[in-house]
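Accompanying notes for the structure given below.
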Number of protein chains: 2
Amino acid sequence: MDRKTATIQDVARVAGVSTATVSRTLSKPSVVAESTREAVLSAVAETGYRINSTASNLRRQRTGSVIALIPNLANPFFSQILAGMSSVLAPAQLGLLVADTQTGTDPEARLADFLQSGQADGLVLFDGTMSPGALDLPGRPPVLMACEWMGGDLPSIRVDNARGAEMAVAHLADVGHRAIGHVTGPPGNVLTETRLSGFQRGLTRHGLQARADWVFGGDFSMDSGAAAARRWLALDDRPTALFCASDEMAIGFMGAVQHAGIRVPEDLSIVGFDNIDVVAHLTPALTTIRQPRTVIGVRAAELLVDMIDAGSLTGPSEVVEVEFIPRKSVAPPRAARG
Amino acid sequence: MDRKTATIQDVARVAGVSTATVSRTLSKPSVVAESTREAVLSAVAETGYRINSTASNLRRQRTGSVIALIPNLANPFFSQILAGMSSVLAPAQLGLLVADTQTGTDPEARLADFLQSGQADGLVLFDGTMSPGALDLPGRPPVLMACEWMGGDLPSIRVDNARGAEMAVAHLADVGHRAIGHVTGPPGNVLTETRLSGFQRGLTRHGLQARADWVFGGDFSMDSGAAAARRWLALDDRPTALFCASDEMAIGFMGAVQHAGIRVPEDLSIVGFDNIDVVAHLTPALTTIRQPRTVIGVRAAELLVDMIDAGSLTGPSEVVEVEFIPRKSVAPPRAARG
DNA sequence: ACAAAAGATGAAATCGTTTACAACAGATTT
DNA sequence: AAATCTGTTGTAAACGATTTCATCTTTTGT
């Protein structure tokens, strides 16, 4: 049969028309006559022709794919976001390339490389730890920040992190906690900062004071949550409730304190952030702040596609709502019960 | 400065050489004279030239990327595998495209589409639920099966699932369990079948018998694990230990029974499969069978790249070792202790 | 019935590379 | 001194599509 895959030339020959007509039949069928359209389509079927996207892309000066640049690909937080992105990119005939920023030695150089390589029509950047100037490159494609963001006025999609943190604190205060601690993300990260400031605002709104020895530095990982728990255990005067800036840290924290014989929520209340899938199945199920990850992925892709279609480097920013998910890891403090 | 990005023509003009020489300087520097090489490189620097990969790919009849086809992109199990793949593909100048198979209506059609679209130089398929003939397409690129597999002699990478299951059962039997149950994956899945057969072989090796009412159908998800737990709770004559075919199901199962007041491991021992990150932080930490996901990703990419370089549709298969990870979710049964 | 508009098609240029081939210089062999 | 070889470079033809422009029919309007 066909040694090689058929080209548009083959189709044209079989259909008895020019390559221009074949191309038109496939891209804007309305402009070709009905009879020729049928001839072309049956020739396509006969030859098994598939459009060569590389050639098409070259001629049309595009690449047919977008890149999702993630801090760390191994982080399962992003898988659902990728799924959301994929669900809008696939119908738009765009491929989804993935790569991570924190893998090599120089993240900014890696970003610059992707921006200039011309491998993608657009880029979704999930890493906010770049210097603002890192995007000042001639001829770069549109970039959308997602989840994290950085200085400048880049279009972005994110949740209201401060508000989420405030909701967490509010709930803890409402059930009677006066001694509330916090486990933060890594220093310098925007999510760390906004969630911390939301935490503090929540405290002051409830007439509480932040205590420096009650905020524990972490890095969003489970291990860092466990490490924070060990510092909490070593305290003489412990907070009775904790807001962790990520579910992963909450998991690590809760596991470590339970291991030490502390009961959650009887002895300690914990609230997480993200609502990753697993936390609903923990014992106790974790109370947390939900980030709608699928929605974030979908909207990120949609916003980026809009920018690509408009040929614009700028675009709107969007913030999607977080949601408080009450479960079983929060209870009134002992004092309030006793 | 530069309105558009510089092309090889621009570099050639600036360096005072032909485009052929520029191309050679960049691809095989050894064949051009030292002096011209310098001239070209400085012209490259001056113009800020970046090779246009689309044009290059078209000419070289390749695409510069590979696709990872995953059953469900939202499944975090794969994120670490992707990270492993990325770490070998990036240095090889190959992009990593991701897509899922179970999202649309017809997974096989979707697979065929990817195979014929010419969007990738190779494909790693993580979904074994395809009919063996689904790959009989003319001119398709090399395909490597990973984790799952299907009939035929496709090159593949996977773990020894049966052996892993057998290790789990052996450990449970060794600590004294005689009543061991199993939560399976979805019907028809190769992992379901091999892990089930390993489970059964483990039982018979220890002189135990499989009981039909002690194997619970699941689908690898946490929810299905919780559902299985509810069936287990309804039993009059319960097994004292359970081997779950995935960590996710083990998490769901454990959460549900704990919620019902059952203590793990005192009342019930549980072993999982996969060793996903979170299980080390559960209470109790989950005993499980480790699949080296990063290694799987790395080797998958390496094997595929070998096939691509060799231009061959066939290649070796590899099975990587599983590892038994003892933690805290297994204890001798009550009878053996009392 | 004639001009003008509309509709359908094809010829050929173009996108930006890579590479087979030819050409040429200088060095080496006979 | 002619012939051969080696090393370096340029010319030009691909790769496979899309799209501008021109051409040739048909309709339509007056």
Side-chain angles (χ1 to χ4, degrees), chain A residues 2-41 43-44 47-65 93 116-121 139 141 311, chain B residues 2-41 43-44 47-65 93 116-119 121 139 141:
Chain A
D2 320 288
R3 262 269 146 270
K4 292 292 179 183
T5 63
T7 75
I8 200 172
Q9 314 272 1
D10 302 322
V11 178
R13 193 176 322 114
V14 171
V17 298
S18 73
T19 62
T21 300
V22 176
S23 179
R24 278 189 287 254
T25 307
L26 266 25
S27 53
K28 343 180 231 182
S30 61
V31 305
V32 311
E34 165 111 22
S35 56
T36 52
R37 193 190 317 153
E38 284 167 5
V40 169
L41 290 179
V44 166
T47 55
Y49 171 71
R50 297 290 313 259
I51 201 166
N52 178 318
S53 52
T54 306
S56 172
N57 287 335
L58 173 59
R59 177 58 228 243
R60 297 164 62 197
Q61 298 283 71
R62 38 164 271 164
T63 70
S65 43
Q93 299 281 58
Q116 303 196 307
S117 68
Q119 284 183 75
D121 298 327
Chain B
D2 320 290
R3 261 269 146 272
K4 291 292 180 183
T5 62
T7 74
I8 201 171
Q9 315 271 359
D10 301 322
V11 178
R13 191 175 325 113
V14 171
V17 299
S18 73
T19 62
T21 300
V22 175
S23 179
R24 278 188 288 254
T25 307
L26 266 25
S27 52
K28 340 182 235 179
S30 61
V31 306
V32 310
E34 166 111 23
S35 57
T36 52
R37 193 189 319 155
E38 285 167 5
V40 168
L41 291 179
V44 165
T47 56
Y49 171 70
R50 296 292 312 255
I51 200 166
N52 178 319
S53 52
T54 307
S56 171
N57 287 335
L58 172 59
R59 176 58 226 242
R60 297 164 60 196
Q61 298 282 73
R62 39 164 271 164
T63 70
S65 44
Q93 299 281 60
Q116 303 196 306
S117 68
Q119 285 185 73
D121 298 328

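In what follows, every chain begins at residue 1, and chains take the letters A, B, ... in the order their sequences are listed.
- Between A:Tyr49 and D:dG16, a side-chain N or O to OP1/OP2 separation shorter than 4.0 Å is absent.
- Atom CZ in B:Arg13 sits about 12 Å away from atom P in C:dT17, given to the nearest Å.
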Determine whether B:Arg50 and A:Ser117 satisfy the following criterion, side chain to side chain contact (heavy atoms under 4.5 Å, CB included), listing intermediate values before the conclusion.
CA-CA 6 Å; B:Arg50 296 292 312 255; A:Ser117 68; 4.0 Å; yes

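- Distance, B:Glu34 CD to D:dG7 P: 16 Å, rounded to whole Å.
- A:Thr63 and A:Asp121 share a donor-acceptor pair across their side chains, judged by distance under 3.5 Å alone.
- Using modelled atom types, no side-chain atom of B:Ser23 and backbone atom of B:Thr19 make a donor-acceptor pair closer than 3.5 Å.
- Between the CZ atom of B:Arg24 and the C1' atom of D:dT8 there is a distance of 8 Å, rounded to whole Å.
- OP1 or OP2 of C:dG16 sits under 4.0 Å from a side-chain N or O of A:Gln61.
- The distance from atom CG of B:Asn57 to atom P of C:dT17 is 12 Å, rounded to the nearest whole Å.
- Within the 4.0 angstrom heavy-atom criterion, only backbone atoms of the sugar-phosphate kind lie near B:Val17; the bases stay farther away.
- As rounded to whole Å, 17 Å separates atom P of C:dG16 from atom CD of A:Gln119.
- You'll find the side chain of B:Leu41 reaches within 4.5 Å of the side chain of B:Thr25, heavy atoms only.
- Among the heavy atoms of the strands lying under 4.0 Å from B:Thr36 are primed sugar atoms or P, OP1, OP2 only; no base atom is included.
- Counting to the nearest Å, the P atom of D:dT20 and the CZ atom of A:Arg60 are 13 Å from each other.
- An OP1 or OP2 oxygen of C:dG10 is reached within less than 4.0 angstrom by a side-chain nitrogen or oxygen of A:Thr21.
- Contact annotation: B:Thr7 side-chain N/O to C:dG16 OP1/OP2 distance is not under 4.0 Å.
- The listed nucleotides are C:dG16, D:dT20, D:dT18; the one nearest the side chain of B:Asn52 is C:dG16.
- The closest side-chain heavy-atom distance from B:Val17 to B:Val40 is below 4.5 Å.
- If you measure from atom CD1 of A:Ile8 to atom P of D:dC15, you get 14 Å, rounded to the nearest angstrom.
- Summary of the strand contacts: B:Ala55 and B:Lys28 both lie near DNA chain C, and taking for each the nucleotide with the nearest heavy atom, the more 5' one is attributed to B:Ala55.
- Contact between the side-chain N/O atoms of A:Ser56 and the OP1/OP2 oxygens of D:dT18 is found at a separation under 4.0 Å.
- The side chain of A:Leu58 has D:dG16 as its nearest neighbour among D:dG16, D:dA17, C:dT19.
- Annotation: the span from B:Ser53 atom OG to B:Arg60 atom CZ amounts to 10.0 Å, rounded to 0.5 Å.
- Backbone-only contact: B:Arg50 has heavy atoms under 4.0 Å from sugar-phosphate atoms and none from a base.
- Of the candidate nucleotides C:dT9, C:dC15, C:dT19, C:dC15 has the atom nearest to the side chain of A:Arg59.
- Backbone-only engagement by A:Ala33 is indicated by non-hydrogen atom pairs under 4.0 Å involving sugar-phosphate atoms exclusively.
- Between B:Arg62 atom CZ and C:dT19 atom P the separation is 11 Å, expressed in whole Å.
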